[in-house]
Protein chains: 2
Amino acid sequence: MKTGHTFVKPLQRAALARATGCNLETIRYYETIGVMPDPPRDPNGYRSYSEYHVRRLQFVMRARDLGFSLEEIRGLLTLVDNDTRSCVEVEEIALAHLKDVQNKIAHLVRIEAALSNTLAHCSGTDVPECAVLDALLD
Amino acid sequence: MKTGHTFVKPLQRAALARATGCNLETIRYYETIGVMPDPPRDPNGYRSYSEYHVRRLQFVMRARDLGFSLEEIRGLLTLVDNDTRSCVEVEEIALAHLKDVQNKIAHLVRIEAALSNTLAHCSGTDVPECAVLDALLD
DNA sequence: CCTAAGCTCTGTAGGTGATACAGGCTCAAG
DNA sequence: CTTGAGCCTGTATCACCTACAGAGCTTAGG
């Protein structure tokens, strides 16, 4: 064997969707808004995706899943692309998100307590709904 | 002084927006979709909001922030509103929401772990190696 | 009293982040 | 050659807002 180099056959759109779990149409959407690059086309006009596109789409999806907006993802991608990946910038964005997520968790835990409290008191008394409201209102 | 009862002067739409941080137009939107009640009107047709509307809008906004859909919020609100509810109904709704909330918590905890874990490996320097990006890129 | 600013009202258009569908082309299998 | 799956494009639809246009009310100043 010459190298460890493996040829990965190019993927069409549905194959990329299957490979990443992304919705078929969303791939085209990400292309039109510039989050995914315009892929090369086969002579017939079909999109031809490589391993690069799989990784990039996974990046986008993972970041979306973590709650980053497409605008933030565009920012992260330029940091990835230009190798000016100063950790500081990324850390700023990610840290802000972490705090946001932690706040959300704290609130949800209070709501959880209020809801299970509601269920515990569900014997016909007319008070418990206030707990839910209070939890949501702080 | 007769009571501890404080008169709170009614608010117009912009005042409610300021009081809650909600967008002016969003208030009207919530009204049209039935998440906020149709407020009483002054003789001139202007909407007149009370403390009740402030609290209700804060409830809605907090719930939205925590990831509840407007549909779910409608459900939460009936839970909060309905004093003439049968215990069975409340139990059903509350239990459904409890599960929903617990799922949301679990999801956010996973996100939190991923974010703080990657941030822990972030050197915070200008080094072009960034743990956060590596994590997103796998 | 008149006017101008600054609210309010309504209807409707635009934006984000997808997702779906229609009508047509391409391609590989039978 | 036909059939069906897969691709193409454009456009519609969805949830959830957000903004604007054009009109009426209301308050302060001259």
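It should be emphasised that the depicted structure is a prediction, and the values quoted were computed from it without experimental measurement. A note on names: the letters A, B, ... follow the listed sequences, proteins ahead of strands, and every chain is numbered from 1.
Applying the side chain to side chain contact (heavy atoms under 4.5 Å, CB included) test to N103(B) and every residue at least two apart in sequence or in another chain returns nothing. Legend: residues meeting side chain to side chain contact (heavy atoms under 4.5 Å, CB included) with M61(A), ordered by chain and number and at least two apart, are T20(A), C22(A), L57(A). Under the side chain to side chain donor-acceptor pair (under 3.5 Å) criterion, R47(A) pairs with E31(A), not counting sequence neighbours. For the side chain to side chain donor-acceptor pair (under 3.5 Å) test, no residue two or more places apart in sequence or in another chain qualifies with Q12(B). Annotation: salt bridge (charged side-chain N to carboxylate O under 4.0 Å, His left out) contacts of E72(B) (sequence neighbours excluded): none. Checked against side chain to side chain contact (heavy atoms under 4.5 Å, CB included), A15(A) has the following partners two or more places apart in sequence or in another chain: L11(A), R18(A). With sequence neighbours excluded, no residue forms a salt bridge (charged side-chain N to carboxylate O under 4.0 Å, His left out) with R110(B). R74(B) meets the side chain to side chain donor-acceptor pair (under 3.5 Å) test with E71(B); sequence neighbours excluded.
Position along DNA chain D of the nearest nucleotide to L70(B) versus R47(A) favours R47(A) as the more 5'-ward residue. Taking for each of G45(B) and N44(A) the nucleotide of DNA chain C with the nearest heavy atom, the 5'-most of the two is the partner of G45(B).
At the heavy-atom level, R64(B) lies under 4.0 Å from the strands shown only through sugar-phosphate atoms.
Between E112(A) and I105(B), the shortest heavy-atom distance links the atoms OE1-CD1, 3.6 Å.
Using a 4.0 Å cutoff on non-hydrogen atoms, the parts of residues 13-26 of chain B near DNA chain C are R13(B), A14(B), ordered by number.
Heavy-atom contacts of chain A under 4.0 Å fall on DNA chain D between two terminal nucleotides, which in 5' to 3' order are dG6(D) to dT11(D). First and last contacting nucleotides of DNA chain C toward chain B (any atom under 4.0 angstrom from a heavy atom, 5' to 3' order): dC7(C) to dT12(C).
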What donor-acceptor contacts under 3.5 angstrom involve side-chain atoms of residues 38-45 of chain A, with partners at least two apart or in another chain?
{"from": "R41(A)", "atom 1": "NH1", "to": "G45(A)", "atom 2": "O", "distance (Å)": "2.9"}
{"from": "N44(A)", "atom 1": "OD1", "to": "Y46(A)", "atom 2": "N", "distance (Å)": "2.9"}

